Peer 1: 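This structure is in structure tokens; I'll ask about it shortly.
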Amino acid sequence: MQQNIVIRGARQHNLKNIDLIIPRNKIIVITGPSGSGKSSLAMDTIFAEAHRRYLQSLPIELRTIFDQFQKPDVDFIEGLSPAVSVEQKTISKSPRSTVGTITEIYDYLRLLYAKIGIPYCPKCGRELISQDINKMTSSILALPEGTKIQVLAPVVIEKKGQHKEILDRAKAEGFIRARIDGQLMELTQEISLKKHVRHTIELVVDRIIVKEKYKNQIKRALELAMKYNQTVVVNIVDENRDIIFSSTLACPACGISLPEIDPRLFSFNSKYGACPRCKGLGYENIEDEEEIDVLTLIPCKLCEGTRLRQEALAVKINKKSIAELSAVSIDELKNFLSNLEFSSYESSIAERILKEIFIKLEFLQKIGVGYLSLNRPSFSLSGGEAQRIRLATQLGSHLSGVLYVLDEPSIGLHPRDCSKLIESMRELSLRGNTLIVVEHDESTIMNADLVVELGPGGGRDGGYLTEILSPEKLIKSKNSITAQYLSGSNKIAVPKQRRKANEFIKIIGAEAYNLKNINVNIPIGVFVCVTGVAGSGKSTLIFEILYKALAKKLYNASVYPGKHKTIEGIEQIDKVVCIDQSPIGRTSRSTPATYTQVMNEIRELFAMLPDARLRGYTKSRFSFNLSGGRCEACQGDGVKKIKMHLLPDVYVVCDSCKGKRYNEETLQIKYRGKSISDVLEMTVTEALEFFSAVPKLKQKLQIMHDIGLGYITLGQAATTLSGGEAQRVKLAKELSKKPTGKTLYILDEPTTGLHMVDIERLLNILQRLVDNGNTVIVIEHDLEIIKCADYIIDLGPEGGALGGYLVAEGTPEEVAMNPASYTGKFLKEKLGL
């Protein structure tokens, strides 16, 4: 097999026609300043082309199912393998998504329960035995005399397809009616089922009135139904209620039967297994894709949050239901499964299933999330936890010959756990896989086989190949900005003096999630870092308790803070600003210019120009979101989406406005020779120089530039921004507002996506905020940020049940000397103590 991946003429986005050769079966780190083209090379060129080629190799009928990739702008790539990517994006927030479903461990667990699980009666708890026809008949005759029933034979249960052959065969065998997806239908009518939807088809064997004289008719109906399925459904017509009978599973005392046990019975995403009250969501007060506030959720009264129907919960392994196993930590689950004892028959079935489960569980433990449970909803995961769950899903398998493309896998990882991640990546490469990693983390860079640095700047100033060397040689490079920080020739200076606080916000008795009834003092008017390993309780303390309590007090927000006794000192804050990494918009109509209201100032400026006033144009004329000034052919998008049958959707430049978003009349209005469309094509740095004589615009653009966003264009679609870029755009918007001096800013890992040179810029901005009398609280793992804080609150010592304690607090120097703190251990080295 070819030993290298060869790339010639890569021009995707801002890449400057670069050529490079990278070795296979090694760890290759791509680094460089924000906007230098790292993701353009790794994700949008290498992964996109590998994925596109794989899809092209599939049969034509399969290709239609998948989203198709357009060919990246590159002359030539060879040496690619089938590729897997773990991108830097938020995990699914669906209320149906859990740690178990994302990692697929729950799917294997469902299979295990279906194969070796022992069914018990949901009512009395007896182990179930099979029912014969006579017992079924007796149970039906025990119903009130005169009850109208239908005997149904399930022939399709929750399976995709049109099932035309089954329906035709049933009609040929003399069946007149069937209950399809809960609706009674005549088989003589034209029945067209959707191919990609799951369907349930139950043939109506007979309609009978419960009377002793019809005993033989009931018996014959049951016998006929049993020819099609071991499970028979008896529908009580007037109540529209079903009774399930099974030739294999029934309680001798209660007469209760369980349906056929297969993996679908344990799926809360299937009608077959989901709790009928909450439909598998687990909560009383939410619906699918709904925006969720974790602390307002009320568990379902029927399933008590387990999401499953009673019949599924009645199947057990070693007296534990699947819901009980899903509720324990990954560490406890692995221990439970490791100690199971099987018969020789069960062992032959369970061995292969458990092998797959153990591989995934061990990887989750290795990357530091053994404290999570399989039933943990994905919407409740922190950014770091979500990133590692994605990693476990993709990397926790014993594949070889695969190209893995990872976008900042160290996000959310404490320095202690980075070594575990690096060890896992090294194992993958030794197994014959190639890893291309977009990363800024120092330890990851130093453990790479090869470092590809792009730069020298971002946006139009980036996209060049500045170095491609081993880490040892990179450190000595004169051209590399990364090398300057790795070697120490350029470093972020520790503040000469730490600010002292005279006032505090005091959180008393914090108990939400895993917090252990702790009291925490947060100093006012200083720069505070909240640290600790993943799952130690950082986000719970700051976002779920402090932020929500402040939002409720200051803005009367309808939120429910996490459990705590009281918070003292809130009156010292008059404004709270939470800046997270959620997107600033979900469509191309949202841009950095619109979000920061720079666009508003630009529109006002254009509306005041003499030509605009002469024509009676107002500021609305210069909005690409409103009719009047925009191009109506593309409705201000600048591009048109053309659906292709077997190829990816093609976005073509609008032939009417040529991608300028506006109509011809609007584009005739110009400021210093530039139309409003020309302005949207400018980078923040270019716009800062162009509008230097307009104070309002200059102030907003200067903040965006200072925060490290000089390379992005004003009209860039919000959907193309990374999580870190989106967070910095939000910060820029807040910084442009009039300061009160009593504002509390809360940031969640603001270093995401930032190179060392960009972190220094960010620190300057944060320190400036504090200098103006505000308080800044940052949840962070990056030691460059932590070492520059005035005060550290360190939680832990571990994650999950072993976390939630206040381990250390004080200045970085004080925390560094605390032997109980993992953060202190790494901080001590960073500070040279």
Side-chain angles (χ1 to χ4, degrees), residues 99-100 103 105 326-336 338 360-376 380-389 391-392 396 409-424 441 443 507 509-520 529-545 562-564 748-749 779-783 786 792-810 814-829:
V99 170
T103 59
I105 294 171
S326 297
V328 302
S329 71
I330 285 162
D331 293 333
E332 292 173 281
L333 175 61
K334 184 169 179 288
N335 186 53
F336 175 86
S338 299
K360 291 179 179 291
L361 291 178
E362 285 165 7
F363 195 86
L364 287 166
Q365 288 179 312
K366 192 174 288 186
I367 57 175
V369 287
Y371 60 88
L372 292 177
S373 59
L374 295 187
N375 69 356
R376 176 80 176 264
S380 70
L381 296 172
S382 70
E385 287 168 337
Q387 179 77 336
R388 275 170 294 149
I389 292 298
L391 281 168
S410 69
I411 290 174
L413 274 182
H414 190 275
R416 184 198 71 169
D417 298 318
C418 274
S419 59
K420 297 177 184 176
L421 175 65
I422 293 165
E423 181 186 326
S424 299
D441 174 68
S443 59
I507 303 174
E511 288 187 81
Y513 294 129
N514 68 334
L515 293 178
K516 304 299 193 296
N517 193 24
I518 59 174
N519 302 329
V520 179
C529 258
V530 181
T531 61
V533 299
S536 58
K538 304 182 297 296
S539 296
T540 301
L541 179 70
I542 300 303
F543 288 106
E544 298 301 332
I545 296 180
K563 188 178 179 184
H564 66 283
D748 185 15
E749 291 197 69
I779 295 175
E780 190 54 82
H781 294 292
D782 190 281
L783 292 169
I786 297 171
I792 294 172
I793 296 167
D794 191 45
L795 301 182
E798 301 293 339
L802 297 177
Y805 296 96
L806 179 61
V807 175
E809 59 183 333
E814 289 169 340
V815 171
M817 301 311 293
N818 188 322
S821 170
Y822 286 121
T823 304
K825 174 187 172 185
F826 291 92
L827 200 51
K828 188 175 183 180
E829 184 181 335

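Predicted model only: the values in this text are computed from it and were never measured.
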Peer 1: Are there more than 12 heavy atoms of other residues, nucleotides or ligands under 6.0 Å from atom CD of Glu829?
Peer 2: no
Peer 1: Could you report the tightest heavy-atom contact between Ile330 and Leu374, atom names first, then the distance?
Peer 2: CG1-CD2, 4.5 Å
Peer 1: Are the side chain of Asn514 and the backbone of Gly800 linked by a donor-acceptor contact shorter than 3.5 Å?
Peer 2: yes
Peer 1: Is there a donor-acceptor pair closer than 3.5 Å between any side-chain N or O of Lys516 and the backbone N or O of Gly803?
Peer 2: yes
Peer 1: Looking at every heavy atom in both Ala510 and Leu541, which two are closest together, and how far apart are they?
Peer 2: CB-CD1, 4.2 Å
Peer 1: Mind checking whether Phe543 and Ile779 have side chains closer than 4.5 Å, heavy atoms only?
Peer 2: yes
Peer 1: After noting the C-alpha distance and the side-chain angles of Ile389 and Leu372, does the key distance pass the side chain to side chain contact (heavy atoms under 4.5 Å, CB included) rule?
Peer 2: CA-CA 10 Å; Ile389 292 298; Leu372 292 177; 3.9 Å; yes
Peer 1: Atom CG of Leu364 and atom NZ of Lys334: how far apart are they, to the nearest 0.5 Å?
Peer 2: 11.5 Å
Peer 1: Tell me, please, which residues at least two apart from Glu332 pass side chain to side chain donor-acceptor pair (under 3.5 Å).
Peer 2: Ser329
Peer 1: Hey, does Leu795 have a side-chain heavy atom less than 4.5 Å from the side chain of Ile518?
Peer 2: yes
Peer 1: Looking only at heavy atoms, what is the nearest atom pair of Arg388 and Ala534, with distance?
Peer 2: NH2-CB, 2.5 Å
Peer 1: Mind checking the CD1-CZ spacing from Ile105 to Phe363? Nearest 0.5 Å is all I need.
Peer 2: 11.5 Å
Peer 1: So which atom in Ala327 and which in Ser373 form the shortest heavy-atom distance, rounded to 0.1 Å?
Peer 2: O-CB, 3.6 Å
Peer 1: Is there side-chain contact between Lys538 and Glu749, with heavy atoms separated by less than 4.5 Å?
Peer 2: no
Peer 1: Does Val533 reach the side chain of Thr823, with side-chain heavy atoms less than 4.5 Å apart?
Peer 2: no
Peer 1: Looking at Asn517, is its backbone amide N or carbonyl O close enough to the side chain of Lys563 to form a donor-acceptor pair, meaning the two atoms are under 3.5 Å apart?
Peer 2: no
Peer 1: Start with the C-alpha gap between Leu827 and Thr531, add the side-chain angles, then the distance that decides, and say whether side chain to side chain contact (heavy atoms under 4.5 Å, CB included) holds.
Peer 2: CA-CA 11 Å; Leu827 200 51; Thr531 61; over 6 Å; no
Peer 1: Ser424: which residues meet the side chain to side chain donor-acceptor pair (under 3.5 Å) condition with it, sequence neighbours left out?
Peer 2: none
Peer 1: Using side-chain heavy atoms (C-beta onward) and a distance below 4.5 Å, is Asp794 in contact with Asn818?
Peer 2: no
Peer 1: Got a second to check how far His781's NE2 is from Leu413's CG, nearest 0.5 Å?
Peer 2: 7.0 Å
Peer 1: Closest approach of Pro797 and Leu802, non-hydrogen atoms and distance?
Peer 2: CD-O, 3.4 Å
Peer 1: Within the structure provided, determine whether Leu381 and Val99 are in side-chain contact (heavy-atom separation under 4.5 Å).
Peer 2: yes
Peer 1: Once you round to the nearest 0.5 Å, how far does CZ of Phe826 lie from OG of Ser443?
Peer 2: 8.5 Å
Peer 1: Quick one: are Val328 and Phe336 in side-chain contact, heavy atoms under 4.5 Å?
Peer 2: no
Peer 1: Just do the salt bridge (Lys or Arg N to Asp or Glu O under 4.0 Å) check on Glu798 and Arg416 with the steps written out, would you?
Peer 2: CA-CA 11 Å; Glu798 301 293 339; Arg416 184 198 71 169; 2.8 Å; yes
Peer 1: Take atom NZ in Lys420; do more than 12 heavy atoms of anything else shown fall under 6.0 Å from it?
Peer 2: yes
Peer 1: Side chain of Asn519, backbone of Gly509: donor and acceptor closer than 3.5 Å?
Peer 2: yes
Peer 1: In Å and rounded to the nearest 0.5 Å, what is the OG1 to NE2 distance from Thr540 to His564?
Peer 2: 13.5 Å
Peer 1: Is it true that, when you exclude Tyr805 itself, more than 12 heavy atoms of the residues, nucleotides or ligands shown sit nearer than 6.0 Å to its OH?
Peer 2: no
Peer 1: Mind checking the OG-CD spacing from Ser380 to Glu544? Nearest 0.5 Å is all I need.
Peer 2: 9.0 Å
Peer 1: Flag the pair Leu515 / Ile545 as yes when at least one side-chain heavy-atom distance between them is below 4.5 Å, and no otherwise.
Peer 2: yes
